[in-house]
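Written out below as C-alpha cells is the structure these notes cover.
Predicted, not measured: the structure shown is a model, and the values here were computed from it. So that the names make sense, note that chain A is the first sequence line, chain B the second, and so on, each numbered from 1.
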Protein chains: 2
Amino acid sequence: MKSGDMANLKQIAAELSLSVTTVSRALKDGPEVHPLTVARVKEVAKRVGYVPDHHGRALKTGRTMTLTAVLPMETSDYLSDLAKLPLIEGMTLAARQTGYSLSIYSTTPDDDPVESMRRLLQARSADGLIITRMVSGDARVKLLLDQAIPFVTFGRTDLDIAYPYVDIDNEQIAYDATRRLVDKGCRRIALQLLVPKDQASATRLIGYRRAMAEAGIPIDQSLISHGTFTMESSAAWFDRLLASSDPPTGLACANELGLLGALHVLGKRGLALGSDVHIVTRDSTRLARFLPAKIGVHSVDMAAVGRTLVEVLERRITDPAGPVEAILFKGEFDAGE
Amino acid sequence: MKSGDMANLKQIAAELSLSVTTVSRALKDGPEVHPLTVARVKEVAKRVGYVPDHHGRALKTGRTMTLTAVLPMETSDYLSDLAKLPLIEGMTLAARQTGYSLSIYSTTPDDDPVESMRRLLQARSADGLIITRMVSGDARVKLLLDQAIPFVTFGRTDLDIAYPYVDIDNEQIAYDATRRLVDKGCRRIALQLLVPKDQASATRLIGYRRAMAEAGIPIDQSLISHGTFTMESSAAWFDRLLASSDPPTGLACANELGLLGALHVLGKRGLALGSDVHIVTRDSTRLARFLPAKIGVHSVDMAAVGRTLVEVLERRITDPAGPVEAILFKGEFDAGE
DNA sequence: CGCTGCAATCGTAACGTTACGATTGCGTAA
DNA sequence: TTACGCAATCGTAACGTTACGATTGCAGCG
C-alpha cells in the first residue's frame, strides 16, 4: 500500500508554515496550540486526507493499535465451532470502534500453544493478546503475567493467580440443562463433553454433578463421554448407549454436531424426541425451532462475548494497574416450553 | 507488548563490536559480510532472542507484512456463512507460513463498502487487501487498481479490466445441480439465490439457465427467488411454492439455511425427500449424510480457497508486474449415489 | 524601561530499521 | 615502493512520529 502521495505531518506543516511539532499537537488538540491554528491544521489535514502513519507512531510510542486473537482451528468439522464466527465479528467490530485492528492467529492442533505464543510475543506486533481454549494449569497465563503483557482469556483456568478473563458460565449451563432433563422425568442422563483437560468441559461436569446430586441421582460414569465430537462419533456413541440394557432417556449435547448425530440415531431407531428421549443442547436456537419436538437450548450471545473480550483487553492496555476484570456470561436458557 | 528488554540490532552490534549495518546485513545473509561474522552474529541474535522489530522495518521499507481481509458480517444468522470460518483459517495459516499476519476487517451491512475501504487504505497498515462479496460493477476494484494497491478478490465482478481473483465456479455448480435434478426427472425446478446484485448469484443463474435450456425446459420466473435466506424465510417461500397449482419437484438451495428450511417444510407436509421432491445443495456434506434420502451436495474446500487467496495476493505484492492470476475452484459434486 | 510570566511555537533527538556511499586493511601487480 | 582492486566493515541519513526542552513574542507589572 505504498501509493506514494500519502500525506504526512511534514507536508501539512510546510503548507501552513508551521513546525511538524505544532501540527502533531494540533491534531490531537494539544492545549498548547492556538485554537485558530488547530482549526487551520485540521482543515488542511482533512483536505489532503491525512491519516497518521501506523508504523511511525508505533515505533515512537511503542503502541501498535493492534490486538491479536489466538484461535485454535478445529480439525473435525467446521460446523463444530459455529460460535467462533460471531465471536470474531464481535471482536473486530469492537476493536475497530476504538481505533484498534484485530489480527487473527490460527493455531493448528500440531502447534504447541505455549511455543507459538512465545513466537507471537517476540514480534511484539500487538498491544495485547486474546487467548482462548484454556486448559488446566494453562502455562500461557503465567508467561503473559511474567512478561507483563496485556491479555485477556476467553475461558478460565485453575491457577491461584488473578488474571483477566471473560467466560461463559458453563457450570450454570450444565446445571440448567441437567435440571431440565430431571424435571422431564429423566434419571438416566447422558452427557457429552470435550477432552478432559478442556477447562470448559470440566466446569460443565461440575454443573451436571450438582444437578444430579440435588435430584438424588447417582452418577453413572458410563453415561459421560469425553471426546472430540463429530456427527459420526456422536451418533456411534449415543447408539451404543441406547443399545445398552439400561439406556439413557436424557441427553445433554456438547454442541450442534453432537445434537445432529444424536438426532440421526433417534430417527434410525424410531425413537421419539420429547417422549422416549429428551435432549438439551447449546447454541442451536435456530435449528431447534425446526425440530419436531421442543428441546432445551442454552444460548450465549457470542458477538457480545467478543466485544467484551476486546473491551476488557483495551482497559488492560490503557490501565495496566487497574482492576483485574472477570466477567461471566450467563446466556439464556430456553427450556422449550 | 513493551517488555522493555527486547533485543535490537544495536545491542547485538555492541556486544560484538560491530556496526549496526553489518549486523543487519549479516542477519539476512548479505554477501558482503564475512561468513564467520555472519555465524557469530546469528549466534548472538539467537541467544538474546532477537526478532526484527516490525514497525522499524515497516517504517523504513514501507512493507508491513500484514494482509487485511475485508469480510462482511451476516445479519440473518451465523449459520448462514459456515464457509467463512475455514476460509479465515486457511488465510491465516497461509499468511503465517510466509511471515505475514492477517488482519480481519469486518464490515456491517450499514457500512458503505467503498467508503470503509477508503479509510482502510489511508491507514496504509497492510501490504495488500483481500476483498469479498463482490457486487456488479464493483467500485472497489477500480479504486484499488487506480491506487496501485495489491489486492485479490474472492469472487468476480463484471468489469472490462483484468484484476486478480479467486472464485468458485458457481456457474458449473448451478449447472451440475440443475442437471442432477433434471436427471432425476424433475421439470419444475425451484432455485434459491441471494440478492440480484450479488455476483455469485448472477453466475449461478446462468448455470441454471444453461442446464434448463439443454433439457428443453422453459424457465418459470416464479420458481426463482432472490433474497437473504434464513431458515424461516426459506421455509415460507418453499411452502408457498408447494401450495401452488403446479408445485416444484426439485429444489436447488442457496446454502445450508435454505436446505434446513426446505426440509422442515417437507416434513410438515409429509412429502418424501428423494421421491416427491429432490434437493441439491452446497457445502453441507456432513449434514447430507444424515438425511433420510440422498441429496446432491456440491462442496468446495474453503480452506484451500483461503490459502490460494493469500498466495495470489503475496505474489501480487512481490511482483506487481507479474501475470494477473484468475483462479477458479471447481469443487466436488457428490450426486448422492 | 526592564523584568517576569505566559501563550504559542519551534528544533532536535529518538524509536529500530535499512540503503547508500564511504572507508579500512590487505594482498598483489607494476 | 606505490598504486590498485577487492573484501569487509563502517557512518550517516532517512522513514513518520512524538517527547522534551528550548525559544519567541508580547502583555502586565513595578
Side-chain angles (χ1 to χ4, degrees), chain A residues 1-42 44-45 48-66 99 122-127, chain B residues 1-42 44-45 48-66 99 122-127:
Chain A
M1 272 219 242
K2 44 196 146 205
S3 47
D5 55 346
M6 275 289 152
N8 56 20
L9 290 182
K10 210 195 296 189
Q11 285 169 34
I12 300 180
E15 178 154 346
L16 288 167
S17 305
L18 285 175
S19 75
V20 185
T21 308
T22 305
V23 173
S24 171
R25 289 215 257 243
L27 287 175
K28 48 174 72 74
D29 284 308
E32 45 242 316
V33 338
H34 194 97
L36 193 86
T37 311
V38 171
R40 285 194 307 147
V41 168
K42 287 195 172 172
V44 175
V48 300
Y50 171 77
V51 178
D53 181 276
H54 190 231
H55 302 288
R57 179 177 277 177
L59 187 56
K60 183 62 190 164
T61 62
R63 293 191 49 184
T64 68
M65 297 311 276
T66 296
Q122 292 185 326
R124 47 195 163 333
S125 48
D127 290 336
Chain B
M1 275 219 241
K2 45 196 143 199
S3 46
D5 54 346
M6 275 290 151
N8 57 19
L9 291 182
K10 210 195 294 188
Q11 286 168 33
I12 299 180
E15 178 154 347
L16 289 167
S17 303
L18 285 174
S19 75
V20 183
T21 308
T22 305
V23 173
S24 171
R25 288 215 259 242
L27 286 175
K28 48 173 73 73
D29 284 308
E32 43 240 320
V33 336
H34 194 97
L36 193 86
T37 312
V38 171
R40 286 193 307 146
V41 167
K42 286 194 173 171
V44 175
V48 300
Y50 171 77
V51 178
D53 181 276
H54 191 230
H55 302 288
R57 179 177 277 176
L59 187 56
K60 183 63 190 166
T61 61
R63 292 191 51 184
T64 69
M65 297 311 276
T66 296
Q122 292 184 327
R124 48 194 162 334
S125 48
D127 289 337

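At least one side-chain nitrogen or oxygen of Lys28(A) sits closer than 4.0 Å to the OP1 or OP2 atom of dT18(D). Distances shorter than 4.0 Å separate none of the side-chain N or O atoms of His55(B) from OP1 or OP2 on dG16(C). Within the structure, every side-chain polar atom (N or O) of Thr61(A) is placed at least 4.0 Å from both OP1 and OP2 of dC15(C). The side chain of Ser24(A) places an N or O atom within less than 4.0 Å of a non-bridging phosphate oxygen (OP1 or OP2) of dT18(D). At dT9(C), none of the side-chain N or O atoms of Thr22(A) fall inside 4.0 Å of OP1 or OP2 (strictly under the cut-off). Not one side-chain nitrogen or oxygen of Lys10(A) sits closer than 4.0 Å to the OP1 or OP2 atom of dT17(D).
Note that CD of Glu15(A) and CZ of Arg40(A) are 10.5 Å apart. Values are rounded to the nearest 0.5 Å. Once rounded to the nearest 0.5 Å, the distance linking OG1 of Thr64(A) with NE2 of His54(B) reads 9.5 Å. Note: Ser24(A) OG to Asn8(A) CG = 12.0 Å, rounded to the nearest 0.5 Å. In this structure, the separation between CG on Asp53(A) and CG on Leu59(B) is 6.5 Å, given to the nearest 0.5 Å. In this structure, CZ in Arg25(B) is found 12.0 Å from CG in Leu18(B), a value given to the nearest 0.5 Å. Atom CG in Asp29(B) sits 3.5 Å away from atom NZ in Lys42(B) (nearest 0.5 Å).
In this structure, the nucleotide among dC10(D), dT17(C), dT9(C) sitting nearest to the side chain of Val33(A) is dT9(C).
Atom CG of Asp29(A) is separated from atom P of dT18(D) by 13 Å (rounded to the nearest Å). Protein atom CZ of Arg57(B) is 14 Å distant from nucleotide atom C1' of dA19(C), rounded to whole Å. Whole-Å rounding puts the His54(B) NE2 to dC15(C) C1' distance at 15 Å. If you measure from atom CG of Asp53(A) to atom C1' of dA14(D), you get 14 Å, rounded to the nearest angstrom. Taking atom NE2 of residue His34(A) and atom P of nucleotide dT9(C), one finds them 7 Å apart after rounding to whole Å. Distance CG (Leu36(B)) to C1' (dA7(D)): 14 Å, rounded to an integer number of Å. Straight-line distance from the CG atom of Leu9(B) to the C1' atom of dC15(C): 13 Å, rounded to whole Å. The CG-P distance, from Leu27(A) to dA19(D), rounds to 13 Å in whole Å.
Residue whose closest nucleotide on DNA chain D sits further toward the 5' end, between Gly56(B) and Arg40(B): Arg40(B). Position along DNA chain C of the nearest nucleotide to Ser17(A) versus Lys60(B) favours Ser17(A) as the more 5'-ward residue. Along DNA chain D, the nucleotide nearest Val38(B) and the nucleotide nearest Leu59(B) are compared for position; the residue whose nucleotide lies closer to the 5' end is Val38(B).
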Please write out the pairs of protein N or O atoms and N or O atoms of nucleotides 20-27 of chain D separated by less than 3.5 Å, giving the distance to one decimal.
residue: dG21(D); atom: O6; partner: Arg25(A); partner atom: NH2; Å: 3.2

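Counting all heavy atoms, side chain and backbone alike, Ala45(B) lies closest to Leu27(B) at CB-CD2, 3.8 Å.
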Q.
Apply side-chain contact (heavy atoms from CB on, under 4.5 Å) to residues Tyr50(A) and Val44(A) and explain how you reach the verdict.
A. CA-CA 8 Å; Tyr50(A) 171 77; Val44(A) 175; over 6 Å; no
